[in-house]
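What follows is a single structure, written as structure tokens, with notes after it.
Source: prediction; values computed, not measured. Along the sequence shown, residues carry numbers from 1.
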Amino acid sequence: GGTQVTGYIIGPKGDTGLHTCRVYKAPQEASDAAQEHADFHHRPYEVRVAYETPQRIIGTFNPRKSK
């Protein structure tokens, strides 16, 4: 069989119009990026599996409280 290409994308929670140019190869990489974005934008970010329709959400990251 052919190799299944898997990638991970991140986006704001509930944002269905996904406009990202960055595809992460590892889930951990995407998780770290999602957490950084959540902290920066002060809104939850989701990690989704790229190339799947509908896109499966594998994690939601809430912004951490800043001191």
Take Val47 and Ile57 through the test side chain to side chain contact (heavy atoms under 4.5 Å, CB included) and record every step on the way to the result.
-> CA-CA 6 Å; Val47 176; Ile57 296 164; over 6 Å; no
Can you see which heavy atom on [X] is nearest to which on [Y], and at what distance?
X	Y	result
Ile9	Arg22	CG2-O, 3.7 Å
Tyr45	Ala34	CB-O, 3.6 Å
Asn62	Gln35	O-NE2, 3.1 Å
Lys13	Arg43	O-NH2, 4.1 Å

Atom pair [atom1] ([X]) and [atom2] ([Y]), whose distance is rounded to the nearest 0.5 Å:
X	Y	atom1	atom2	result
Tyr24	Ile10	OH	CD1	4.0 Å
Glu46	His37	CD	NE2	14.0 Å
Arg64	His42	CZ	NE2	12.0 Å

Side-chain touch Tyr51/Val23, heavy atoms, less than 4.5 angstrom |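 Result yes, sub-4.5 Å side-chain heavy-atom pair found.
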May I ask you to test the Pro44-Phe61 pair for a side-chain heavy-atom distance under 4.5 Å?
->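 Pro44 vs Phe61: side chains apart.
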Would you say Asp39's side chain and Pro63's backbone share a donor-acceptor pair under 3.5 angstrom?
->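 The answer is no, because no donor-acceptor pair under 3.5 Å joins these two groups.
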Are the side chain of Glu29 and the backbone N or O of Tyr8 linked by a donor-acceptor pair below 3.5 Å?
->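 Between the backbone of Tyr8 and the side chain of Glu29 there is no qualifying donor-acceptor contact (under 3.5 Å).
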